[in-house]
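Working notes for the structure below.
All values below were derived from every heavy atom in this structure, side-chain atoms included, with hydrogens, water molecules and symmetry-related copies excluded. The first residue in the sequence is number 1, and the count goes up from there.
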Amino acid sequence: MTSPIADGIDQVKAWIVKRHPDREDIAGDLDLIENRLIDSLSFVEFVFLLEQVSGRSIDMDTLEVDSIRTLDAIERHFFAARVS
């Protein structure tokens with residue numbers, strides 16, 4: 001059985017890998033934006049995925065890019081706070 005955090009971040013990782021079949025895995029600290037794994041064309045779809053997987057509404061006006069820059073940051077901002 002997986003934890004909600006691992007399940008959520010695994011779904012995010014799977015979404016990215018599916019769009020970049022040249023990658024088998026993504027390190028938690030890899031910059032997703034700088035490495036063009038999330039670009040302007042996929043950004044809105046990615047935020048929608050985060051909303052679905054995390055179960056949290058994301059306000060695009062207040063979304064900080066650093067909160068989605070790496071898988072580690074995504075886990076910290078969207079999944080870790082749910083487990084307590």
Side-chain angles (χ1 to χ4, degrees):
M1 184 172 173
T2 61
S3 74
I5 294 172
D7 187 45
I9 204 68
D10 285 347
Q11 289 183 52
V12 171
K13 186 186 294 188
W15 184 90
I16 296 169
V17 169
K18 183 177 177 182
R19 280 150 184 80
H20 300 277
D22 55 314
R23 296 210 177 243
E24 293 181 16
D25 196 16
I26 302 169
D29 62 347
L30 181 71
D31 190 318
L32 302 173
I33 297 168
E34 188 172 299
N35 286 284
R36 302 187 55 83
L37 298 178
I38 301 172
D39 58 23
S40 59
L41 294 176
S42 64
F43 183 77
V44 173
E45 187 178 355
F46 182 74
V47 171
F48 182 68
L49 169 79
L50 276 179
E51 286 185 327
Q52 286 185 317
V53 174
S54 70
R56 298 170 55 181
S57 179
I58 298 172
D59 184 351
M60 296 291 275
D61 292 334
T62 60
L63 178 65
E64 295 183 23
V65 174
D66 285 342
S67 67
I68 61 168
R69 188 169 293 280
T70 66
L71 290 175
D72 289 344
I74 291 168
E75 183 174 334
R76 201 171 39 253
H77 286 91
F78 297 97
F79 298 107
R82 295 180 64 188
V83 177
S84 58

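Taking the side-chain contact (heavy atoms from CB on, under 4.5 Å) definition, one finds that Asn35 meets it with Arg23, Leu30, Asp31, Leu37, sequence neighbours left out. For Val47, the side-chain contact (heavy atoms from CB on, under 4.5 Å) partners two or more places apart in sequence, or in a different chain, are Phe43, Ile58, Met60, Leu63.
Pairs of residues two or more places apart, or lying in two chains, that qualify as side chain to side chain donor-acceptor pair (under 3.5 Å) and include a residue from residues 37-53 are Arg19-Glu45, Asp39-Ser42. Applying the side chain to side chain donor-acceptor pair (under 3.5 Å) test to pairs two or more places apart or on separate chains, those with a residue in residues 57-68 are Asp66-Arg69. Legend: ring-ring contact (aromatic ring centres under 6.0 Å, His included) pairs involving residues 51-74, not counting sequence neighbours: none detected. Legend: ring-ring contact (aromatic ring centres under 6.0 Å, His included) pairs involving residues 6-33, not counting sequence neighbours, sorted by first then second residue: Trp15-Phe46.
Atoms CD1 and CD1, from Ile16 and Ile74 in turn, are 5.5 Å apart once rounded to the nearest 0.5 Å. In this structure, CD1 in Ile68 is found 4.5 Å from CD1 in Ile33, a value given to the nearest 0.5 Å.
Nearest approach of Lys13 to Asp25, heavy atoms of both residues: NZ-OD1, 3.2 Å. Smallest separation of non-hydrogen atoms from Gln11 and Leu49: O-CD2, 4.5 Å.
Side-chain contact check for Arg56 versus Leu50: every heavy-atom pair is 4.5 Å or farther apart. In this structure the side chain of Val12 reaches within 4.5 angstrom of the side chain of Phe79, judged on heavy atoms.
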